[in-house]
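All remarks here apply to the structure that follows.
Below, chains carry the letters A, B, ... as their sequence lines are ordered, and counting in each starts from 1.
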Amino acid sequence: MDYNKLAELLFPQIDKTPEDYEAMFPQRANAEGGAIITRLGPSPTGFIHLGNLYGAFVDERLAHQSKAEDGTPGTFYLRIEDTDDKRYVEGAVDTVINSLKFFDINFDEGAGCGPAAEDGEPTDSGDYGPYYQSQRGPIYQAFVKHLVSQGKAYPCFLTEEELAEIRAQQEAAKETTGIYGKYAEKSRNLSYEEIEANINAGKPYVVRLKSKGNAISPENCCMENGATCQGNSGNVTYQNRDGVMYIIVNDAVRGEVAMPSNDQDVVILKATGIPTYHFAHVIDDHLMRTTHVVRGEEWLMSLPIHVELFEALRFQLPTYCHTAVLMKLDDETGNKRKLSKRKDPELSLDYYRQEGYHPQAVKEYLMTILNSDFEEWRMANPDADLDEFTFTTEKMSSAGALFDLNKLNDISKDVLLKIPADELADFMLEWAREFKPKAVPLLEDKEYLTKILNIGRDDAKPRKDLIYAKQIFDFISYFYDDYFFIEEQIPEQVSDEDAKEILKRYLETYDHSDDQSQWFEKIRTITADLGYAVKPKDYKKHPDEYKGSVAHVSTVIRIAVMGRSQSPDVWTIQQILGEDRVRARISELIG
RNA sequence: GGUCCUAUGGUCAAGCGGUUAAGACACCGCCCUUUCACGGCGGUAACCCGGGUUCGAUUCCCGGUAGGAUCACCA
């Protein structure tokens with residue numbers, strides 16, 4: 001078979017060679033001396049979930065933390081993986097970029113990363129484009145053509161029915177499914193004339209890799225059992241394990257990973273002329289000079305395919321970082337399972353936006369599950385910027401981490417405490433504009449809101465009860481008349497008459513200009529006059545001698561003014577609320 | 001089913017042949033306190049099972065078990 005002739009028959013319109021592309025996309029200047037080049041390759045649905053964010057975070061940190069010899073940092077770029085013919089969602093690239101920007105994750109180059117054009121359309125930036133796989137057709141085809149001309153790939157005309165039949169046969173015989181070994185022979189052995197006839201007849205076809213298989217044989221490799229040898233692409237070791245060729249790859253997060261080498265004649269070019277993920281990954285990450293490929297664990301099993309592809313093309317293998325998938329405890333089965341888009345709203349980044357989690361809190365949380373020594377570092381450096389932490393792939397867990405909302409909330413409390421109240425007020429308003437529009441006019445009084453958010457923050461032991469916007473709003477809602485209502489019952493120790501009496505006397509003696517001790521002194525007086533214990537301990541010791549304690553009296557006032565029994569300090573709240581509101585609310589309750 | 005990954009308290013996790021087996025979150029109790037939150041003190045709670053190797057295994061090896069991942073012209 002004349003493979004050159006075959007390549008020409010299949011790709012007459014392709015005139016560029018791999019060498020041309022190698023020259024067009026030379027090694028990156030900053031890749032020398034340790035700078036890391038990473039990429040994010042989302043599909044163009046624009047849907048970014050927590051898992052994507054998790055990976056993007058790793059990519060970003062790895063690239064921007066690393067430095068070339070001359071001090072320039074690594075590069076983190078955005079490539080859109082739209083090889084699937086599923087519909088392209090309008091504005092998806094913008095969505096991706098903006099979703100990540102919300103978390104301070106910024107790209108250096110790639111799709112949509114250039115300055116906006118005059119008509120407002122986003123442009124791409126960088127010298128290694130195009131950054132959309134759908135626009136890279138000729139590039140992929142040039143490499144496929146090259147492989148065909150070397151006899152390393154071939155066209156396959158198997159129809160869906162034939163494929164299904166083979167599959168059924170294999171399943172019945174309990175064999176591995178797919179096109180490999182004897183099942184590949186039919187297509188592999190097609191003569192030039194047969195192929196030409198098929199093409200002239202307009203039959204659709206795919207291009208498959210001609211796998212070298214993984215059996216140890218004289219023409220393949222004749223290593224002794226257990227012996228190893230180095231691969232051409234670097235970073236790969238082959239080993240004969242009882243007649244089966246294994247690949248051993250050093251994964252940055254998992255260490256050495258061993259598995260049987262690929263024996264499937266995988267599809268590299270679909271009937272549409274568009275490559276599969278496997279092929280696009282190999283070509284793109286090589287040509288765009290990616291040094292570290294960060295991706296989910298679900299890709300680990302296709303590593304042998306990628307290794308064979310890298311070897312066949314004589315490309316250098318990148319460093320792989322297969323990250324663990326995010327898990328969750330299933331309510332029904334009680335087992336761990338992968339977070340799913342359909343069942344788990346907390347997977348969607350929108351969930352955190354709706355609830356009003358601060359991006360910094362989500363980042364901080366992600367970092368704690370990403371690197372096990374982060375929490376320790378954070379305790380030692382409570383005020384340091386997140387970027388000062390040195391992130392390492394070695395410290396990443398290879399088991400799936402369970403998503404823990406409790407932990408997120410705990411971290412969020414600390415994060416929000418460090419954000420100045422007026423910034424938090426802006427954050428609340430922004431959140432409300434999107435998710436609680438009715439409250440916007442109220443929250444627009446920034447001075448008022450800032451005062452509220454600032455309660456108890458400057459103390460030596462600052463309050464930590466602010467977690468996320470939605471929760472915060474509920475927490476402070478009584479400051480706004482529209483949302484104020486009596487939510488709780490008065491304590492059982494206090495009779496209805498006493499409650500009225502307490503409030504009546506409170507209102508009579510109320511002086512808005514009292515300082516906190518004067519104010520509390522008056523409550524003590526009321527407490528004592530009505531037969532309640534001024535010191536809660538007295539009541540605790542001698543419950544028979546008192547109706548209740550000052551705590552219960554205070555609770556009545558709390559409920560009158562705030563509608564609830566739990567809140568920060570009453571005096572402070574009243575000062576913010578203003579005299580009119582306080583008086584009005586109490587009068588209202590007295591009736 | 002084949003292949004691969006993983007296995008320390010409820011959760012996240014230190015540990016990398018000899019430890020009273022850290023820490024954080026959650027939970028419980030006490031203290032502080034006019035409630036709550038914060039803070040302080042204390043507490044419950046773990047090395048999946050079985051074989052080896054070794055003077056000694058949570059740690060190394062093998063087997064089992066469990067959970068997860070993956071087996072497309074989807075990524």
Answer with base, sugar-phosphate or nothing: what part of the nucleic acid does A:L158 contact at a heavy-atom distance below 4.0 Å?
base

Using heavy-atom distances to pick each residue's nearest nucleotide on RNA chain B, tell me which of A:S554 and A:E375 is more 5'.
A:E375

For B:U33 and A:K535 - does any side-chain N or O of the residue sit under 4.0 Å from the phosphate oxygens OP1/OP2?
no

Closest to the side chain of A:T177, out of B:A37, B:A72, B:C4, is B:A72

Between the side chains of A:R39 and A:D284, is the shortest nitrogen-to-carboxylate-oxygen separation below 4.0 Å, so that they form an ion pair?
no

A:T176 side chain near A:Q264 side chain, heavy-atom distance below 4.5 Å:
yes

Check the phosphate of B:A37 against A:R457, side-chain N and O only, distance under 4.0 Å to OP1 or OP2. Yes or no?
no

When we call it a touch if two heavy atoms are under 4.0 Å apart, what does A:P568 touch: a base, just sugar-phosphate, or nothing?
base

I want to know whether A:Y140 and A:F143 have ring centres closer than 6.0 Å.
no

Please report the distance separating the C1' of B:U44 from the corresponding atom of B:G29, rounded so that it comes out in whole Å.
10 Å

How would you label the contact of A:A271 with the nucleic acid (heavy atoms, under 4.0 Å): base, sugar-phosphate, or nothing?
base

I need the CD-C1' distance between A:E394 and B:A14, as an integer number of Å.
17 Å

salt_bridge(A:D383, A:K418) N-O dist < 4.0 Å
no

Using atom C1' in both nucleotides, what's the gap between B:U8 and B:C32 to the nearest angstrom?
36 Å

Extract from the structure each pairing of a protein N or O with an N or O of nucleotides 15-17 of chain B at less than 3.5 Å, listing the distance.
none

Decide yes or no, distance alone: a donor-acceptor N/O pair under 3.5 angstrom between the base of B:U35 and the side-chain of A:S565.
no

If you define the side chain from C-beta out and look only at heavy atoms, does anything of A:R524 sit under 4.5 Å from A:E521?
yes

Among A:Y468, A:Y365, A:Y357, find the residue that satisfies the ring-ring contact (aromatic ring centres under 6.0 Å, His included) test when tested with A:Y352.
A:Y357

Geometric cation-pi criterion, A:R585 with A:F484: 6.0 Å, 45°
yes

First encountered from the 5' end of RNA chain B, between A:V206 and A:F475:
A:F475

Under 3.5 Å, which N/O atoms of the protein pair with N/O atoms of nucleotides 39-43 of chain B?
residue	atom	partner	partner atom	Å
B:G39	OP1	A:K464	NZ	3.1

Sub-4.5 Å side-chain heavy-atom contact between A:I486 and A:I559:
yes

Determine the contact category for A:R378: base if any of its heavy atoms lies under 4.0 Å from a base atom, sugar-phosphate if only primed atoms, P, OP1 or OP2 are that close, otherwise nothing.
nothing

Return yes if some donor-acceptor pair links the side-chain N/O of A:R254 with the main-chain N/O of A:H322 below 3.5 Å, else return no.
yes

Is any side-chain nitrogen or oxygen of A:K270 closer than 4.0 Å to OP1 or OP2 of B:A75?
yes

If I take atom CG in residue A:L366 and atom C1' in nucleotide B:C25, what distance separates them, rounded to the nearest angstrom?
16 Å

Within less than 4.0 Å of OP1 or OP2 of B:C71, is there a side-chain N or O belonging to A:S302?
no

Answer yes when A:K470 and A:E355 have at least one side-chain N-carboxylate O distance shorter than 4.0 Å, and no when they do not.
yes

Using 30° and 60° as the class boundaries, would you call the ring planes of A:Y320 and A:H306 parallel, tilted or perpendicular?
parallel

Atom-to-atom span, CG of A:N406 to C1' of B:C27 - whole angstrom:
10 Å

Stacked pair A:Y277-B:C74, distance under 5.5 Å, angle under 30°:
no

Distance-minimising heavy-atom pair for A:Y154 and A:S187
CE1-CB, 3.5 Å

Go ahead and write out RNA chain B as dot-bracket, 5' to 3': ( ) for pairs within the strand, [ ] for ones crossing earlier pairs, | when the partner sits on another strand, dots for unpaired; Watson-Crick or G-U wobble, both distances under 3.5 Å.
((((((((.[[[..)..(....]]].(((((.......)))))....[[[[[..)....]]]]])))))))....

Whole angstrom is fine here: how far is it from NZ in A:K540 over to P in B:U34?
12 Å

Would you say that A:L10 contacts A:Y205 through its side chain, given a criterion of any heavy-atom pair below 4.5 Å between the two side chains?
yes

Is there a donor and acceptor pair, one atom on the side chain of A:K413 and one on the base of B:A37, closer than 3.5 Å?
no

For A:A460, which contact category applies under a 4.0 Å heavy-atom criterion: base, sugar-phosphate, or nothing?
nothing

How would you label the contact of A:R295 with the nucleic acid (heavy atoms, under 4.0 Å): base, sugar-phosphate, or nothing?
nothing

Strictly below 4.0 Å: does A:Y246 bring a side-chain N or O up to OP1 or OP2 of B:C4?
yes

Let's test your reading of the model: under 3.5 Å, does the base of B:U35 pair with the side chain of A:R564 as donor and acceptor?
no

Taking B:G42 as the reference, what is the distance to B:U35 when you measure between their C1' atoms (whole Å, please)?
24 Å

Between B:A72 and B:C12, how many Å separate the two P atoms, rounded to a whole number?
31 Å

